[in-house]
Amino acid sequence: MDDEDGDLSLGAVFTEPQRPPSPEPTLATYSRDSGKTDVNIRLVGSHPLWGHHLWNAAIAFAAYLDSQIDLIRGKFVLELGAGGGLPGIVAVQNGAKKVVLTDYPDTALVENLHHNVHENISKEQRSTVTIQGYIWGQPVDHLIAALPPDREPSKGFDLIILSDLIFNHSQHDALLRSCELCLTPIPSQGTPLTTPLPCVLVFYTHHRPHLAHRDLEFFTKARSKGWNCEEIHTRKFPPMFPDDPGDVEVRSTVHGWQMTRSAST
């Protein structure tokens, strides 16, 4: 880990320019198709880690998970940088065996995640959810320990959710390290593979078009570390900040990528 990772203050972890935060807590609703119950997400009113917005990427992510139940049902799911927790909550509602929701270990963020789980997850399902503070790139023992006791010790999570995180360019290596440590390993070559494969799903928007190439460096680094990366989904939205500079088409598009590991030799 390089020197900048030694400082775990907010300023070190999130070095990108920040917008003025919203002054009060707000409530946003994710409206679902197919007669499923809507999800109401409370957002912290003011926070430097952007927890005060329900990002377009989170909405696109939730809709994608609603359409890809096989990725979730009976699976072990981890969300990093969960914010309001929408994709992870949808994973619970769609039958995940265990979901661990994480964000920076800040009281406001963690307590807000607890609130959203309590409001959207039935009592019968709440035991399948664990909420923890976690700093990307740090040891993951407590995340793995949150999995059920009957989970094989050598295995981790079947699905890792990264929703609108890769604009934090200084944290690409830390995010990839966490994913490496937490994703269920692919069996060695010659072993029958289950489907779907364990994967990391990365949904994001290029909020600053002039820095889109920096966002995409995340996948360049991932490939150099042995990840298979492919874009699997796009969806258009009205831009979240209409007055921001840069191409509106770029700022309106959510991209979804899937990352898998190669089989061990």
Side-chain angles (χ1 to χ4, degrees), residues 1-21 47-58 60-61 78-84 87 102-106 109 133-140 160-183 199-235 237 239-241 244-261:
M1 194 174 297
D2 54 32
D3 291 341
E4 71 174 4
D5 291 327
D7 180 359
L8 301 181
S9 66
L10 290 183
V13 175
F14 295 90
T15 60
E16 307 298 342
Q18 299 170 355
R19 307 174 199 276
H47 205 281
L49 304 190
W50 304 100
H52 52 291
H53 292 293
L54 182 62
W55 298 93
N56 289 339
F61 216 139
L78 170 68
E79 182 169 6
L80 299 176
T102 73
D103 210 323
Y104 191 87
D106 171 84
L109 292 175
Y134 176 66
I135 296 174
W136 307 332
Q138 297 301 298
V140 300
I160 299 177
I161 293 170
L162 307 185
S163 180
D164 229 342
L165 304 183
I166 64 171
F167 74 92
N168 292 301
H169 303 147
S170 67
Q171 295 303 300
H172 285 178
D173 288 323
L175 276 169
L176 287 168
R177 178 60 176 161
S178 295
C179 292
E180 290 168 359
L181 293 172
C182 288
L183 192 67
C199 68
V200 179
L201 292 181
V202 186
F203 278 52
Y204 64 92
T205 301
H206 294 302
H207 298 292
R208 298 156 298 168
H210 68 290
L211 294 178
H213 66 289
R214 295 283 310 278
D215 299 339
L216 292 174
E217 287 174 1
F218 179 80
F219 301 106
T220 302
K221 287 185 175 183
R223 290 187 177 105
S224 73
K225 296 176 182 291
W227 292 91
N228 305 307
C229 306
E230 94 178 284
E231 188 167 10
I232 58 171
H233 185 73
T234 59
R235 180 174 169 181
F237 289 83
M240 291 193 65
F241 307 100
D244 273 7
D247 189 293
V248 172
E249 182 77 6
V250 174
R251 293 187 290 112
S252 300
T253 304
V254 172
H255 302 267
W257 286 60
Q258 182 182 69
M259 296 169 44
T260 58
R261 301 306 300 265

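Keep in mind that what you see is a predicted model, and the values were worked out from it rather than measured.
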- Item | Side-chain (Arg251) to main-chain (Pro245) donor-acceptor, under 3.5 angstrom | yes
- Message: Please give me the minimum heavy-atom distance between Ala60 and Arg235, naming the atom from each residue.
- Response: CA-NH1, 4.1 Å
- Partner residues of Glu230 under the side-chain hydrogen bond (donor to acceptor under 3.5 Å, both in side chains) criterion, sequence neighbours left out: none
- Query: What closest approach, in Å, do Leu175 and Leu162 show between heavy atoms, and which atom pair accounts for it?
  - Reply: CD2-CD2, 4.2 Å
- Taking all heavy atoms of Gln138 and all of Leu181, pick out the closest pair and write down the distance. O-CD1, 4.3 Å
- Item | Heavy-atom donor-acceptor pair, Thr102 side chain to Gly133 backbone, under 3.5 Å | no
- Item | Check: Leu183 and Trp227 side chains under 4.5 Å, non-hydrogen atoms | yes
- Note on the structure: Taking every heavy atom of Lys225 against every heavy atom of Arg261, the minimum-distance pair comes out as O-NH2, 3.0 Å
- Query: Between His255 and Tyr204, what is the ring plane arrangement, given parallel below 30°, perpendicular above 60°, and tilted in between?
  - Reply: parallel
- Query: So do the side chains of Pro239 and Asp244 get within less than 4.5 Å of each other, counting heavy atoms only?
  - Reply: no
- Message: Under a plain distance cut-off of 3.5 Å, with no hydrogens placed, do His206 and Asp247 share a side-chain donor-acceptor pair?
- Response: no
- Message: Taking the six-membered ring for Trp, are His233 and Phe203 closer than 6.0 Å centroid to centroid?
- Response: yes
- Heavy-atom closest pair (Val250 atom, Thr205 atom, distance to 0.1 Å) is O-CG2, 4.1 Å
- On the 0 to 90° scale, with breaks at 30° and 60°, tag the Phe219-Trp257 ring pair as parallel, tilted or perpendicular. parallel
- Phe61 side chain reached by Glu79 side chain, heavy atoms, under 4.5 Å: no
